[in-house]
Amino acid sequence: MDQYNIDGQKLAFHPERVAQWVAAGDDWEKAKKVYPIYIEISPVGACNHRCTFCAVDYIGYQNRSIETNLLKQRLSEMAELGVKSIMYAGEGEPMLHKNIAELTVHAANAGLDVAFTTNATALTQRFCEEALGSVTWLKASVNAGSAESYAKIHRTNERDFERVFENLARASTIRRERNLSCTLGVQMVLLPENKHEAVTLAKRARDIGLDYVVIKPYSQHLMSVTQQYSDIDYREFINLDAELDGLTTDTFNVVFRSHTMKKLGAERNYKTCQATPSFWAYIMANGDVYSCSAYLQDPRFMLGNIEKQPFQEVWEGEIRRQNFYYVRKDLNISECRKNCRMDEVNRYLWNVVTPVPHKNFI
């Protein structure tokens with residue numbers, strides 16, 4: 001079961017925004033007003049882990065962060081302009097921002113859905129008490145089922161493994177005691193080193209009261225320093241699906257992303273990227289705004305900086321106009337990361353704009 005549609009796309013639930021985008025076509029004056037539904041924000045660049053599979057290792061885990069009051073101002077602006085959700089994640093560990101609880105509450109109060117992808121080592125009781133009620137979902141990256149494997153893959157101390165589960169168990173308890181709606185889960189990137197521990201991880205996540213576990217494939221980032229997992233063949237891992245499926249209950253979901261695994265060796269059904277730069281964006285810890293997270297530090301995709309400009313000025317500006325036409329007319333998607341975050345969205349949008357015979361016979 002995948003009740004959260006993690007292995008698919010949810011753009012179909014935003015027909016008004018899609019219709020606005022379709023009506024805009026190549027007309028920039030209309031297209032510039034199509035604001036992203038979702039933005040990923042990296043509040044800090046630093047990270048306390050050095051995972052072996054880290055896609056953004058090339059950025060260098062720089063010790064920088066977005067100033068709190070400025071980000072609060074931009075979050076309010078984004079909500080007013082039509083942005084619906086933000087995910088705190090990025091090239092650093094978001095929980096290391098000193099005011100992350102304050103930022104979370106502010107974003108929710110501004111009308112944004114707020115989510116986290118985190119390693120959860122710094123998921124404190126204080127954060128849970130102050131901000132968990134403002135979080136839509138929180139997903140912890142836990143890429144092993146034992147302390148020994150975890151330490152090797154996350155390149156950290158073994159004791160972090162137990163710390164993560166203590167933090168998640170406490171979050172689950174606080175959620176239950178306060179009747180909060182935040183969804184809590186864990187995620188494992190399936191690797192040769194941890195494939196034998198996927199079931200163990202799922203059982204532990206279920207036993208501490210989490211809502212789901214996601215088992216997903218690795219996808220090679222074209223700019224990553226690490227290349228050791230670039231040739232993984234997931235066909236030999238597909239049989240894990242049946243074993244994991246038996247752990248699903250009425251209150252716990254196992255999301256084994258077999259659909260995404262199968263796509264790794266398949267051709268894309270779309271010829272151009274439709275999602276970029278319209279439906280999503282990425283903001284780095286130095287304030288730089290990118291139209292695609294697979295091209296961080298690539299000047300072709302850098303739109304501006306929220307420390308220097310209001311978000312509206314970035315989104316409706318000349319640089320995004322250039323990126324808009326570049327992606328539509330010149331980008332060779334064979335350069336793009338396979339199974340990128342917008343892959344399913346692109347498949348959906350391609351079907352929306354590609355004529356089919358007898359389309360009125362629904």
Side-chain angles (χ1 to χ4, degrees), residues 24 28-47 56 58-112 114-116 223 273 275-328 330-331 341-342:
W28 169 246
E29 289 304 312
K30 294 180 180 179
K32 71 181 182 181
K33 294 294 186 180
V34 181
Y35 273 83
I37 292 171
Y38 154 83
I39 297 178
E40 183 172 337
I41 299 176
S42 182
V44 297
C47 189
V56 292
Y58 69 98
I59 295 174
Y61 315 104
Q62 298 176 50
N63 187 18
R64 58 191 184 186
S65 62
I66 304 177
E67 197 274 324
T68 301
N69 288 332
L70 181 138
L71 183 52
K72 288 168 68 175
Q73 181 180 349
R74 296 293 182 257
L75 289 166
S76 296
E77 181 192 1
M78 291 172 194
E80 291 174 0
L81 290 166
V83 176
K84 294 183 178 294
S85 68
I86 61 165
M87 180 176 73
Y88 289 123
E91 73 263 26
E93 166 49 49
M95 289 291 175
L96 296 181
H97 193 288
K98 62 181 181 180
N99 294 318
I100 193 62
E102 180 181 347
L103 289 169
T104 301
V105 173
H106 178 87
N109 288 340
L112 295 165
V114 183
F116 279 86
M223 290 186 280
C273 180
T276 304
S278 297
F279 293 101
W280 73 314
Y282 182 104
I283 300 177
M284 294 186 71
N286 66 348
D288 285 346
V289 181
Y290 283 81
S291 60
C292 177
S293 67
Y295 289 98
L296 302 182
Q297 297 189 339
D298 186 327
R300 295 175 299 171
F301 293 85
M302 208 279 273
L303 308 181
N305 186 291
I306 61 167
E307 294 184 355
K308 302 173 183 177
Q309 306 160 274
F311 187 73
Q312 183 173 13
E313 187 176 311
V314 172
W315 199 250
E316 298 186 20
E318 171 60 20
I319 299 176
R320 180 170 169 258
R321 186 192 71 82
Q322 294 174 14
N323 182 251
F324 173 78
Y325 287 117
Y326 172 76
V327 172
R328 292 177 78 86
D330 297 320
L331 176 65
R341 194 174 295 260
M342 289 294 116

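Predicted, not measured: the structure shown is a model, and the values here were computed from it.
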- prompt: Is there a donor-acceptor contact under 3.5 Å from the side chain of Asp330 to the main chain of Tyr325?
  reply: no
query: What is the distance from atom CD1 of Ile39 to atom OH of Tyr88, rounded to the nearest 0.5 Å?
result: 11.0 Å
statement: For Ala107 and Val114, the nearest pair of non-hydrogen atoms, with its separation, is CB-CG2, 3.6 Å
- prompt: Where does the angle between the aromatic ring planes of Trp28 and Phe324 fall among parallel (under 30°), tilted (30 to 60°) and perpendicular (over 60°)?
  reply: tilted
statement: Note: Ala89 and Pro43 closest approach over all heavy atoms is O-CD, 3.9 Å
field: Close side-chain approach of Met284 to Ser293, heavy-atom, < 4.5 Å
entry: no
- request: Please check if atom CG in Asn63 has more than 12 non-hydrogen atoms from other residues, nucleotides or ligands closer than 6.0 Å.
  value: no
query: Do the non-hydrogen side-chain atoms of Tyr38 and Arg341 ever get within less than 4.5 Å of each other?
result: yes
field: Side-chain touch Ile283/Met78, heavy atoms, less than 4.5 angstrom
entry: yes
- request: Please state whether the rings of Phe311 and Tyr35 are parallel, tilted or perpendicular, taking 30° and 60° as the class boundaries.
  value: tilted
query: So, Glu93 side chain and Leu96 main chain: donor-acceptor pair closer than 3.5 Å or not?
result: no
query: How many angstroms lie between CZ in Arg300 and OG in Ser291, if you round to the nearest 0.5 Å?
result: 10.0 Å
- prompt: Got a second to check how far Met95's CE is from Cys47's SG, nearest 0.5 Å?
  reply: 13.0 Å
Over all atoms of both residues, closest heavy-atom pair of Ser85 and Leu112: N-CD2, 4.1 Å
Approximate separation, where rounding is to 0.5 Å, of Leu303 CG and Gln309 CD: 9.5 Å
- prompt: Below 4.5 Å, heavy atoms only, C-beta onward: do His97 and Thr68 meet side chain to side chain?
  reply: yes
query: Within the distance-only criterion (no hydrogens, no angle test), does the side chain of Gln73 pair as donor or acceptor with the backbone N or O of Asn69 below 3.5 angstrom?
result: no
field: Rounded distance (nearest 0.5 Å) linking atom OG1 of Thr276 with atom CZ of Phe301
entry: 7.0 Å
- prompt: Checking side chain to side chain contact (heavy atoms under 4.5 Å, CB included) for the pair Ile59/Met223: CA distance, chi angles, key distance, verdict?
  reply: CA-CA 9 Å; Ile59 295 174; Met223 290 186 280; over 6 Å; no
- prompt: Quick one: does Asp288's side chain have a donor or acceptor within less than 3.5 Å of a partner on Gln297's backbone?
  reply: no
- prompt: Tell me, do Pro277 and Tyr290 make a side-chain contact under 4.5 Å, heavy atoms counted?
  reply: no
message: I want to check something: taking the side chain as every heavy atom from C-beta on, are Val83 and Leu75 in contact at a cut-off of under 4.5 Å?
response: no
field: Arg321 side chain vs Glu29 backbone, donor-acceptor pair below 3.5 Å
entry: no
- prompt: Short question: side chain of Glu91, backbone of Ala285 - any donor-acceptor pair under 3.5 Å?
  reply: yes
message: Quick check: closest heavy atoms across Trp280 and Ala275, and the distance to 0.1 Å?
response: CD1-O, 3.8 Å
field: Minimum heavy-atom distance Gly90-Tyr282, with the two atoms named
entry: CA-OH, 3.0 Å
query: So, does Glu307 use its side chain to make a donor-acceptor pair with the main chain of Ile66 at under 3.5 Å?
result: no
Note, Leu71 side chain near Ile306 side chain (heavy atom, < 4.5 Å): yes
message: Can a donor-acceptor pair be found, under 3.5 Å and without considering hydrogens, that links the side chain of Gln312 to the backbone of Leu81?
response: no
N/O donor-acceptor pair under 3.5 Å between Trp315 side chain and Val34 backbone: yes
- prompt: Closest heavy-atom contact between Ala281 and Pro36?
  reply: N-CB, 4.3 Å
field: Heavy-atom neighbours of Lys32 NZ exceed 12 at 6.0 Å
entry: yes
- request: Rounded to the nearest 0.5 Å, what's the gap from CE on Met342 to OG on Ser278? Could you check?
  value: 11.5 Å
query: Any side-chain heavy atom of Tyr295 within less than 4.5 Å of one from Leu331?
result: yes
